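In what follows, chains are A, B, ... by sequence order, proteins preceding strands, each numbered from 1. Computed from a prediction, not measured in an experiment: that's the story for all the values here.
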Amino acid sequence: MTTVNPKAREAVGEYQWGFHDTEAPLFRADKGLDEEVVRQISGLKDEPEWMREFRLESLRTFFEKEDPTWAGSPDLLDAIDFDAITYYVRATDRDSTDWDDVPEYIKDTFDKLGIPEAERQFLAGAGAQYDSEVVYHNIREDLAKQGVVFLGMDQGLAEYGDLVEEHFGTVVPPGDNKYAALNSAVWSGGSFIYVPPGVHVEVPLQAYFRINTESMGQFERTLIIADEGSYVHYVEGCTAPIYSTDSLHSAVVEIIVKKDARVRYTTIQNWSNNVYNLVTKRAVAYENAVMEWVDGNIGSKLTMKYPSVYLMEPGAHGEILSLAFAGDGQHQDAGGKVIHVAPDTSSAIVSKSVSRGTGRTSYRGLLKVEEGAEGSTSTVRCDALLLDEHSRSDTYPTMEVDEERVNIGHEASVSKLGDDQLFYLMSRGLTEEEAGKMVVNGFVEPIVKELPMEYAIELNRLIELQMEGSVG
Amino acid sequence: MSEANGQESAQPLLEVRDLRVSVAADPEIEIVRGVDLTVRPGEVHALMGPNGSGKSTLANAIAGSPEYAVDGGEVHFQGEDITESTADARARMGMFLSFQYPTPIPGVTMVNLLRMAMKARSGEEPPAREFLGQLREVLQTLRIEEDFARRYVNDGFSGGEKKRAEILQLGMLKPQLAILDETDSGLDVDALRTVAEGVNALHNPKMGILLITHYQRILNYITPDFVHVLVDGRIVRSGGADLAHRIEADGYDPILQELGEPAGAAT
């Protein structure tokens, strides 16, 4: 992610991944959504019957469900025209493990985004999704030999049907919410990961998601199963071109962290500002397991995303680090949910949000401690930074604690980019803009420092781009 | 400072001419009411005065704080009129303000700030080895632990640590003019000595110092070439180090009485 074609950057100004290529796709479903489209997708993928039925049932659920009543920006949600969206676009007919087999124009796109470069440098495996289909997946040979599986979700279904059938839709059932139902009906792509007992994947696996087609819906579906005592860190990044019409990204991510296992899932979301990003991410953690979400949201028009952890057995630990940056016209509605089901479980949520111009951030969180989950501990901390007069931040922390013997802490703060901080740094020679960037980078540091170095640099750079011209 | 005496004719570093300053948010209140001041390379000037006399306002206005508005007069630095210059431009020319109340910048390490500030000064990032070498040297001079530089700027610092952090920056940035605003306040005797000795060690024949203080005690360690007394926004007395000693012995009252101000107004 470190090398970006300077011409591409120049061409699109502030958002440097706004370019798109014009190659005609192999197949593109008609706009709009009905049973026929769903059957078509399932048929093209040659899926087993249970999956086709799962999709059709989910579609019915989608039609029945209303938008969430608590939505922070109901008018933005209302504006989504489900009939104007293309639900499935296939650019190439195969998911390759050899970068050379990927069509030239798609390779070009990912080259500009620095994907193969990143893989060579510091990844154990990489995947790339272009519109609806995964075009490339590869994993280091030594990990494959140890039984680690890292495939596109479609290929995962084809090769590990039983494992997928056992777990698919169990963590996030289609009826969970309208957009989870939509994803369950039309999902395509995403990653399937299985880590065998005791195997530690020491360097991250990465997937990169790219929307290219205008007015498109990308509905990737990811399932990660970390078997007992294993460890894996999965990183995803996302970008899209700038179009005048909106695109929809509605993913579902399900993670199962078995006894003594640990999963870290890191997202650097940098969609262009015409993408609706409505994502359901959930993990279940069993005895002494650790689940960590590191969730960075920089782009999109509206993001609604609350990664959650269900702590199912004693000793399980959940951690959610959420970072959101809302520039002009953006609404980042983000946060996290932790449900303490078993005793002696622990959790921590840290949320940092920055709003600039007319940008709006909301922290939305749920901490639930069920009866019998005695001895559980949890801390929630959310900090908001406002860069100017018009920016807005709201906090909606919900706590439902049905058990008395618990230890829970909650802290929240809202601060403004202070004149005294700017003057202090300027008196050291930094320009006003550099000073503003430094304060913001410092503000998000507690989360950025959790990222692998390359991503930390990238995230800081993205934030700096968002900050251009913001001060003064 | 014996170097200073031989350099009376050297080009002034700082020339303040009839400077008038008010609070930007409330221009009715004029705090600095016509100050003249000249600092040449190598000289140490102490600016003393009772509370509320405008010392800190003058210091901040010279450094370019947007909190204050210049209503009249001029500030020249190294021969250039900087009255309208922003704080960062002044800093890049070689001016440094050690704050009375340094602001915390959470999440930004001292090292990070120092590197960025040095880059701003010279136009390029200092080479890592050179930077670390210089950092170790200055930390030793100021008797600061090395891991201090990894801490977030002024975040959770004690009063003494804040002042040391300011002088650490002074040592790394090597400015032509150092304005030390109440660097002695909030320090116990040992900390005061360490900080003052640090300033002395960092002082060089090219560097001018404007030291702002309410009390004389820091002048026991840093010997001024000139002492100015500010009352009600005007410099009412200027002299040598002996002026500070007189203030130490008698307080500000005798000066105020000579001026016809009510005695005891100074604290």
Proximal to chain A - members of [range], heavy-atom separation under 4.5 Å:
{"range": "residues 125-147 of chain B", "result": "none"}
{"range": "residues 67-79 of chain B", "result": "none"}
{"range": "residues 52-63 of chain B", "result": "Asn60(B), Ala63(B)"}

What part of [X] is in contact with chain A, defined as an atom under 4.5 angstrom from a non-hydrogen atom: side chain, backbone, both or neither?
{"X": "Met118(B)", "value": "neither"}
{"X": "Leu114(B)", "value": "neither"}
{"X": "Pro104(B)", "value": "backbone"}
{"X": "Asn112(B)", "value": "both"}

Residue pair [X] / [Y]: nearest heavy atoms and the distance that separates them:
{"X": "Val108(B)", "Y": "Met438(A)", "answer": "CG2-O, 3.3 Å"}
{"X": "Ala120(B)", "Y": "Leu430(A)", "answer": "CB-N, 4.2 Å"}
{"X": "Met426(A)", "Y": "Ala91(B)", "answer": "O-CB, 3.7 Å"}
{"X": "Thr431(A)", "Y": "Arg92(B)", "answer": "CG2-NH1, 3.8 Å"}

More than 12 heavy atoms of other residues, nucleotides or ligands under 6.0 Å from NE2 of His410(A): is that the case? yes
Any pair counted as ring pair (Phe, Tyr, Trp, His ring centres under 6.0 Å), so long as it reaches residues 133-158 of chain B, sequence neighbours left out: Phe148(B)-Phe157(B)
Are the side chains of Ser427(A) and Phe96(B) in contact, using a 4.5 Å heavy-atom criterion?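 Phe96(B) does not reach Ser427(A) side chain to side chain.
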Interface moiety of Asp419(A) toward chain B, non-hydrogen atoms closer than 4.5 Å: neither
Considering only heavy atoms, which portion of Phe443(A) lies under 4.5 Å from any heavy atom of chain B: side chain, backbone, both, or neither?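 For Phe443(A), the backbone is the part near chain B, not the side chain.
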Reported CD1-to-CG distance for the pair Ile105(B) and Leu425(A), which is rounded to 0.5 angstrom: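 Going from CD1 on Ile105(B) over to CG on Leu425(A), the span is 4.0 Å.
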What distance separates Gln421(A) CD from Asn154(B) CG, expressed to the nearest 0.5 Å?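 Result: 10.0 Å between the selected atoms.
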For a quick check under 3.5 Å, do Asp420(A) and Tyr101(B) share a side-chain donor-acceptor pair by atom type?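 There is no such pair (donor and acceptor under 3.5 Å, judged by atom type) between the side chains of Asp420(A) and Tyr101(B).
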Please say which of Asp88(B), Thr103(B), Leu97(B), Thr86(B) ends up in a side chain to side chain contact (heavy atoms under 4.5 Å, CB included) with Phe423(A). Leu97(B)
State plainly whether the residues Glu166(B) and Arg428(A) are in salt-bridge range, i.e. N to O under 4.0 Å.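 Result for this pair is yes, salt bridge flagged.
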